[in-house]
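The structure appears below as structure tokens.
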Amino acid sequence: MHSPSDVNTSPGDAGKTEGSGAPPSSDGLQTGLKNRHLSMIAIGGVIGAGLFVGSSSGIAAAGPAILLSYAFVGMLVVFVMRMLGEMAAAAPSSGSFSAYADRALGRWAGFSIGWLYWFFWVVVLAVEATAGAEILEGWIPAVPQWGWALIVMVVLTATNLVSVGSYGEFEFWFAGIKVVAIAAFVAIGGLAAFGLLPGSDNEGAGLANLTAHGGFFPEGPGAILTGILLVVFSFMGSEIVTLAAGESEDPRRAVTKATNSVIWRVAVFYLGSIFVVLTLLPWDSKAIADKGSYVAALDSIGIGHAGQVMNVIVLTAVLSCLNSGLYTASRMAFSLGERGDAPRSFARTNARGVPQAAILGSVVFGFLAVFFNYQWPETVFAFLLNSSGAVALFVWLVICGTQLKMRGIILRETPEKLTVRMWLFPYLTWATIGMISFVLVYMLTEPDAREQVTMSMLAAVVVVGIALIRECVGRKPEAQGGPPE
């Protein structure tokens with residue numbers, strides 16, 4: 001029992017404290033996210049900094065055929081989100097796919113994928129903090145890069161500690177800027193590509209750029225697969241809305257809306273923007289390689305200070321990713337704590353319904369990763385980066401496997417809650433498993449990707465091993481006739 005003055009409450013007691021400002025969800029977290037927060041998190045969740053800064057390498061590797069790479073990965077995301085939406089609409093949870101895997105596949109599965117996902121996001125914190133610090137140091141060099149990384153991490157940690165509503169508000173504006181920027185780019189660039197933008201002097205723009213420089217497959221059809229490896233990780237984050245939905249006033253509605261909108265989000269923001277870049281400039285343009293795809297495209301239609309404009313947008317994307325990464329890692333840690341798979345303190349919420357220990361535990365590892373990035377970038381941090389690199393694909397595989405079993409559980413227990421359904425079940429689910437497995441196997445054949453997938457698999461084997469050992473130890477008293485732990 002906690003005294004009334006104790007700010008830490010158990011999940012069941014969290015809603016009984018005064019001043020929380022919002023009714024508690026069933027697990028003690030406060031339902032402080034508004035519908036507009038969830039809508040923008042859903043829309044902006046698929047737009048990571050990787051889209052802005054990583055697309056040029058994909059274009060260089062595959063030429064115009066990179067559109068097919070984006071379309072393939074986008075299709076995977078649509079299918080995976082549909083499966084996840086089916087489960088999340090029926091049973092919203094801050095643990096999302098980890099909690100569902102726990103129930104459908106076994107304790108070991110929920111433990112393993114939960115900790116791997118947490119690990120992925122705390123490493124991302126270091127990557128994004130460093131990326132943001134590089135931009136900020138370029139503007140204000142008086143503050144060293146490590147100082148900017150520290151400032152960014154501290155500010156966003158404080159934001160997450162205040163309340164889930166403050167996280168939602170920050171993310172609403174961060175994601176809003178990304179969405180407006182991409183939408184404006186697609187609209188203005190599209191007009192320029194077809195000669196409809198007044199004042200644009202890019203005479204070489206047009207659909208001809210898709211085939212005039214070596215054809216649509218200048219590097220051969222096999223380059224599509226190389227492109228897939230380069231773009232797949234820029235899609236990570238679309239699943240965040242299903243974790244956040246548990247802290248909204250109407251989680252079922254929020255998840256259903258997010259799931260139904262994922263197709264146009266992928267089509268407009270990814271395929272639409274890359275299509276505009278490829279019609280404005282030849283894929284082998286030196287400007288794309290030197291400046292980046294979006295800056296080069298903006299320069300080509302006469303947008304002044306395109307580099308600085310893009311730096312602002314990339315910084316916004318970085319801060320958004322940091323904000324959401326810390327939120328996501330802490331909520332996964334909270335869910336693991338609730339299930340006894342992490343320290344119990346992670347499952348306690350304070351008077352504002354915030355899992356304070358889970359946030360601080362996640363950010364401490366994030367700070368350590370930032371330190372490793374500055375101190376040992378080529379050794380320790382490279383190891384962390386590689387061992388978390390393929391986790392996105394593992395998460396998608398687990399979501400597929402979980403949905404295969406959860407469909408039956410939902411139909412048996414609460415069929416009225418099956419408001420979102422995966423298409424062509426179970427055939428399309430199995431096809432998605434096959435496609436993701438194919439990508440993982442192909443990564444093993446590519447020298448640049450092999451280390452990443454092997455290190456990630458090693459990390460997964462270690463975590464699964466720990467999970468299985470814990471299960472065996474936990475079963476022993478029961479098998480001997482004693483009380484289960």
Side-chain angles (χ1 to χ4, degrees), residues 48-50 53-54 57 98 108 111-134 144-146 148-150 152-153 157 226 228-237 318 321-322 324-326 328-330 332-333 336 341-343 358 360-398 436 439-470:
V53 298
S57 58
S98 173
W108 67 272
F111 175 96
S112 303
I113 203 63
W115 276 114
L116 284 170
Y117 191 68
W118 177 87
F119 177 54
F120 171 86
W121 278 111
V122 292
V123 173
V124 165
L125 291 180
V127 175
E128 300 296 340
T130 303
E134 287 177 359
Q145 194 177 115
W146 66 265
W148 279 120
L150 183 66
V152 165
M153 289 278 279
T157 301
T226 305
I228 287 170
L229 303 188
L230 292 171
V231 306
V232 67
F233 302 109
S234 65
F235 281 84
M236 192 65 169
V318 163
C321 192
L322 263 173
S324 288
L326 182 53
T328 306
S330 66
M332 187 57 75
L336 289 165
D341 291 336
L360 293 175
S362 300
V363 83
V364 163
F365 195 93
F367 276 124
L368 272 176
V370 170
F371 171 74
F372 292 149
N373 195 10
Y374 286 111
Q375 192 67 28
W376 301 291
E378 303 299 326
T379 53
V380 178
F381 189 72
F383 169 79
L384 292 178
L385 207 57
N386 284 324
S387 56
S388 67
V391 166
L393 294 169
F394 297 163
V395 166
W396 293 352
L397 269 181
V398 168
I436 296 170
V439 172
L440 282 168
V441 171
Y442 183 73
M443 287 179 75
L444 290 171
T445 68
E446 283 286 303
D448 292 340
R450 188 180 300 128
E451 184 178 7
Q452 192 176 73
V453 75
T454 51
M455 293 299 293
S456 296
M457 284 180 174
L458 179 62
V461 167
V462 170
V463 175
V464 171
I466 293 170
L468 292 174
I469 290 169
R470 289 177 81 255

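This is a predicted model, so every value here is computed, not measured.
Expressed to the nearest 0.5 Å, how far OG1 of Thr454 lies from CE of Met443 amounts to 9.0 Å. The line from CD of Glu446 to OG1 of Thr226 is 4.5 Å long, rounded to the nearest 0.5 Å. Trp396 contributes atom CH2, which lies 6.0 Å from atom CG of Leu393 (distance to the nearest 0.5 angstrom). In this structure, Leu368 CG and Gln375 CD are separated by 12.0 Å, a value rounded to the nearest 0.5 Å. In this structure, Phe120 CZ and Ser456 OG are separated by 9.5 Å, a value rounded to the nearest 0.5 Å. To the nearest 0.5 Å, the span separating CD1 on Ile466 from CG on Asp341 amounts to 11.5 Å.
When side chains are defined from C-beta on, Leu322 counts as touching Val152, because their heavy atoms get closer than 4.5 Å. Tyr374 places a side-chain heavy atom less than 4.5 Å from the side chain of Gln145. Phe367 places none of its side-chain heavy atoms less than 4.5 Å from the side chain of Phe371. Considering only heavy atoms from C-beta on, Val124 comes within 4.5 Å of Cys321 through its side chain. Looking only at side-chain heavy atoms (C-beta outward), Tyr117 and Phe394 stay at 4.5 Å or farther from each other. Counting heavy atoms from C-beta on, the side chains of Leu384 and Phe119 come closer than 4.5 Å.
A side-chain donor-acceptor contact under 3.5 Å links Ser234 to the backbone of Val231. In this structure a side-chain-to-backbone donor-acceptor pair under 3.5 Å is missing from Asn373 to Ala369. Judged by distance alone, with hydrogens and angles left aside, the side-chain atoms of Trp108 form no donor-acceptor pair with the main-chain N or O of Ile469 at under 3.5 Å.
Atom CD of Glu451 has 12 or fewer heavy atoms from other residues, nucleotides or ligands within 6.0 Å.
Here the closest heavy-atom approach between residue Leu440 and residue Ala390 is recorded as CD2-CB, 4.4 Å. Closest approach of Leu385 to Val123, counting heavy atoms only: CD1-CG1, 3.9 Å. The minimum heavy-atom distance linking Val370 with Ala129 is given by the pair CG2-CB, 4.1 Å. The heavy-atom pair separating Ala358 from Ser330 by the smallest distance is CB-O, 3.4 Å. Minimum interatomic distance between Ala149 and Ala133 (heavy atoms only, all atoms of both residues): N-CB, 3.6 Å.
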Can you check side chain to side chain contact (heavy atoms under 4.5 Å, CB included) on Thr130 and Trp146, steps first, answer last? CA-CA 8 Å; Thr130 303; Trp146 66 265; over 6 Å; no
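Among Ser388, Ser98, Ser362, the single residue meeting the side chain to side chain donor-acceptor pair (under 3.5 Å) criterion with Trp118 is Ser362.
In this pair, Trp376 and Phe372 present their aromatic rings tilted. The plane angle is within the 30 to 60° band.
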